[in-house]
Each structure stands twice: as C-alpha cells, then as structure tokens.
Undergrad: 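This is the structure I want to talk about, given as structure tokens.
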Amino acid sequence: MAASGALLVLFLFAHAAGNLKIFVGLPDFDHYAEWLRELGTPLLPHAWFLWIQRVGLLVAIGLHIWAATALTIRAKKARPVKYAHRPKVQGSYAARTMRWGGVIIVLFVIYHILDLTTGHLNPEGGDSNPSARVVADFAPERWYVTLFYVVAVVAVGFHLRHGIWSAFRTLGQQTTKGERRAQAIALTLSVLLVAMYLSVPVAVLTGLVG
C-alpha cells in the first residue's frame with residue numbers, strides 16, 4: 001500500500017507541475033502536452049509513453065485499492081468479536097473518511113480521463129487542443145464541473161495528509177517530536193498539492209486564463 005501510494009503521490013505532483021504551464025501561456029501548455037506525446041520517440045511510437053504512464057497509473061490505483069481492502073479484511077479477522085465498550089478515539093477528518101475519500105477520488109479519476117484526456121465529456125471534444133479543453137471545462141457557465149473538481153481535489157488533499165502521516169508511522173516513527181514533524185510535512189505537502197491543482201480551474205473561472 002505504501003509503495004503504490006508513493007508512486008501515486010509522485011505522479012500527482014508531476015502532473016500538477018505540468019498543469020501550471022498553462023500560466024505561462026496557452027501555446028506553451030499545448031506545446032508541453034505535445035512534448036509528452038513525443039517522449040520516447042523514435043524508440044517508442046507516438047504517444048506510447050503517455051499510454052504506458054496511464055496503464056502504470058491504473059495499476060498503481062488498483063494495487064492501492066487491493067491493499068486497502070486486504071488490510072481492512074485482515075484487521076477484521078484479527079478482531080472478530082467487537083469490543084464491549086470502545087472509547088472514542090480522537091481522529092482527524094481525513095482518517096475517519098479515508099475510504100469515502102478514496103471512492104470520490106476513483107470516481108473523479110474516471111471522470112477526469114473522459115473529460116480532459118479523451119474529451120468525451122468535454123464541450124470541445126477530443127480533437128481540440130488541451131488548453132481549449134481546459135478553458136471550456138472550467139468556464140463560468142460550467143461552475144458545477146469546477147465545484148466537483150474542487151470537492152475531489154480537497155478529498156485528495158485529506159487522503160494525502162493522512163496517508164503521508166500513516167507512512168511515517170509505518171516506517172517506525174513513534175516519538176512526540178517526530179509525530180509533530182510528520183504532521184507538519186503531511187499538512188504542507190497536501191496543502192501544496194491542493195493549491196497547485198485548484199489554481200488552474202480558479203484562474204479559468206475568474207478569467208485570469210482563457
């Protein structure tokens with residue numbers, strides 16, 4: 001679970017950094033998108049790198065879901081009898097909603113692919129430039145798409161915050177000082193990621209990009 005999660009986090013930050021190219025200019029963003037399709041050529045056919053990346057991403061998501069399910073089943077088997085009295089444990093919102101957050105993220109990934117990757121759900125279609133699809137997607141009249149995007153990205157942020165903190169615990173972090181450091185790192189990275197992803201739809205919605 002930790003390995004697949006680490007791969008997904010690396011992808012998310014790399015993808016977010018690429019999205020920020022849109023602030024340099026729409027032509028630069030389209031050039032970046034085409035560069036991704038040309039990666040690996042002539043060793044690989046056109047756009048094969050992207051498809052290899054997409055397949056790898058789907059495999060990582062599948063492994064992450066499988067690991068989460070396996071751990072949940074293992075935990076239930078380890079304690080088949082419920083506690084007679086279990087005191088409430090002070091937990092974060094992210095920890096309490098980790099599974100539901102995961103469901104939201106999976107649904108968002110499916111929508112995101114059909115919208116901005118294949119163009120099936122995008123007003124501009126799949127044959128348009130990537131920048132045109134982004135601008136059309138987050139136009140003011142499609143505020144509901146932006147709202148869904150915001151909800152999903154915030155869910156990713158909560159999921160990431162708890163996931164990074166849990167990873168530190170798994171690696172053996174037990175001290176009070178280390179706990180504070182782990183929480184600070186997890187919060188900083190999750191807030192940074194959310195800000196990077198939300199900056200694009202907000203900029204399009206407000207007319208800063210378009």
Side-chain angles (χ1 to χ4, degrees), residues 1-23 29 32-33 36 50 53-72 91-118 120-122 130 133-134 137-138 142-171 182-206 209:
M1 188 170 189
S4 59
L7 287 175
L8 292 172
V9 169
L10 290 175
F11 169 81
L12 286 172
F13 273 101
H15 187 47
N19 288 349
L20 297 181
K21 288 284 291 183
I22 202 168
F23 290 104
F29 183 77
Y32 165 72
L36 288 176
L50 275 180
Q53 184 185 69
R54 288 163 185 163
V55 171
L57 177 63
L58 291 176
V59 170
I61 292 174
L63 288 173
H64 201 65
I65 295 173
W66 171 81
T69 304
L71 289 174
T72 300
S92 67
Y93 174 84
R96 295 195 302 269
T97 60
M98 199 68 170
R99 293 170 193 167
W100 283 110
V103 172
I104 294 173
I105 294 168
V106 169
L107 294 176
F108 172 69
V109 169
I110 295 172
Y111 176 83
H112 185 68
I113 291 174
L114 293 174
D115 181 24
L116 292 175
T117 301
T118 66
H120 287 87
L121 300 179
N122 192 278
R133 291 199 292 272
V134 171
D137 203 38
F138 301 118
R142 285 170 57 86
W143 59 267
Y144 48 90
V145 174
T146 303
L147 178 61
F148 174 57
Y149 193 90
V150 169
V151 171
V153 170
V154 170
V156 171
F158 280 119
H159 201 86
L160 181 64
R161 179 191 174 193
H162 183 70
I164 293 175
W165 174 82
S166 296
F168 277 108
R169 297 279 292 184
T170 302
L171 293 173
Q183 290 179 349
I185 293 174
L187 179 61
T188 300
L189 289 178
S190 58
V191 169
L192 175 61
L193 187 73
V194 169
M196 291 172 73
Y197 273 104
L198 292 188
S199 63
V200 175
V202 171
V204 174
L205 183 66
T206 57
V209 171

Undergrad: I need the minimum non-hydrogen distance between Met1 and Ala68, along with the two atoms involved.
TA: CE-CB, 3.7 Å
Undergrad: With under 30° as parallel and over 60° as perpendicular, where do the rings of Tyr32 and Phe29 fit, or are they tilted in between?
TA: tilted
Undergrad: Give a yes or no on whether the backbone of Leu114 and the side-chain of Thr117 come within a donor-acceptor separation of less than 3.5 Å.
TA: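 No; zero donor-acceptor contacts below 3.5 Å.
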Undergrad: What is the minimum heavy-atom distance between Ile22 and Val134, and which atoms define it?
TA: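 Minimum heavy-atom contact is CD1-CG1, 3.7 Å.
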Undergrad: So, for Leu121 and Arg142, which heavy atoms are closest and what is the spacing to 0.1 Å?
TA: O-NH2, 3.9 Å
Undergrad: Considering all heavy atoms of both residues, which atom of Ala186 and which atom of Arg161 are nearest to each other, and what is their separation?
TA: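 Looks like CB-O, 3.3 Å.
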Undergrad: Which residues pass the side chain to side chain donor-acceptor pair (under 3.5 Å) test with Thr206, not counting sequence neighbours?
TA: none
Undergrad: Please evaluate residues Ile61 and Leu8 with respect to the criterion side-chain contact (heavy atoms from CB on, under 4.5 Å), reporting the C-alpha separation (whole Å), side-chain torsions for both, the decisive distance (0.1 Å), and the verdict.
TA: CA-CA 8 Å; Ile61 292 174; Leu8 292 172; 3.7 Å; yes
Undergrad: Taking side chain to side chain donor-acceptor pair (under 3.5 Å) as the definition, give me every residue that meets it alongside Ser4, ordered by chain and number, with sequence neighbours left out.
TA: His64
Undergrad: To the nearest 0.5 angstrom, please state how far the CG atom of Leu71 sits from the OG1 atom of Thr69.
TA: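 Those atoms lie 9.0 Å apart.
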Undergrad: Closest heavy-atom contact between Asn122 and Leu116?
TA: ND2-CD2, 3.7 Å
Undergrad: Side-chain contact, heavy-atom cut-off 4.5 Å: Val194 with Val156?
TA: no
Undergrad: What distance do Leu12 atom CG and Leu160 atom CG have between them, rounded to the nearest 0.5 Å?
TA: 7.5 Å
Undergrad: Within this structure, what is the CG-NE2 distance for the pair Leu193 and His159, rounded to the nearest 0.5 Å?
TA: 12.5 Å
Undergrad: Using side-chain contact (heavy atoms from CB on, under 4.5 Å) as the criterion, list what pairs up with Thr188, not counting sequence neighbours.
TA: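 By the side-chain contact (heavy atoms from CB on, under 4.5 Å) rule, Thr188 matches no residue at all.
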Undergrad: Please report the shortest heavy-atom distance between Thr146 and Phe138, naming the atom on each side.
TA: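 Looks like OG1-CD2, 3.5 Å.
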Undergrad: How are the rings of Tyr111 and Phe148 set relative to one another: parallel (under 30°), tilted (30 to 60°) or perpendicular (over 60°)?
TA: perpendicular
Undergrad: Where do Gln183 and Phe168 land on the side-chain contact (heavy atoms from CB on, under 4.5 Å) test, with the steps shown first?
TA: CA-CA 9 Å; Gln183 290 179 349; Phe168 277 108; over 6 Å; no
Undergrad: Run the side-chain contact (heavy atoms from CB on, under 4.5 Å) test against Ser199 and tell me which residues pass, sequence neighbours left out.
TA: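 Scan of Ser199 (side-chain contact (heavy atoms from CB on, under 4.5 Å), adjacent residues dropped) gives Leu20, Phe23.
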Undergrad: State the NE2-OH distance between His112 and Tyr149, to the nearest 0.5 angstrom.
TA: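 Between atom NE2 of His112 and atom OH of Tyr149 there are 5.5 Å.
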Undergrad: Roughly how far apart are Ile113 CD1 and Leu57 CG, rounded to 0.5 Å?
TA: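 Here the rounded value is 7.0 Å.
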Undergrad: Who passes side chain to side chain donor-acceptor pair (under 3.5 Å) against Arg133, sequence neighbours left out?
TA: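 Listed in chain order: nothing, the list is empty.
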Undergrad: My understanding is that only residues two or more places apart in sequence, or in another chain, count here; which of them pass ring pair (Phe, Tyr, Trp, His ring centres under 6.0 Å) with Phe13?
TA: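 With sequence neighbours excluded, Phe13 shows a ring pair (Phe, Tyr, Trp, His ring centres under 6.0 Å) to no residue whatsoever.
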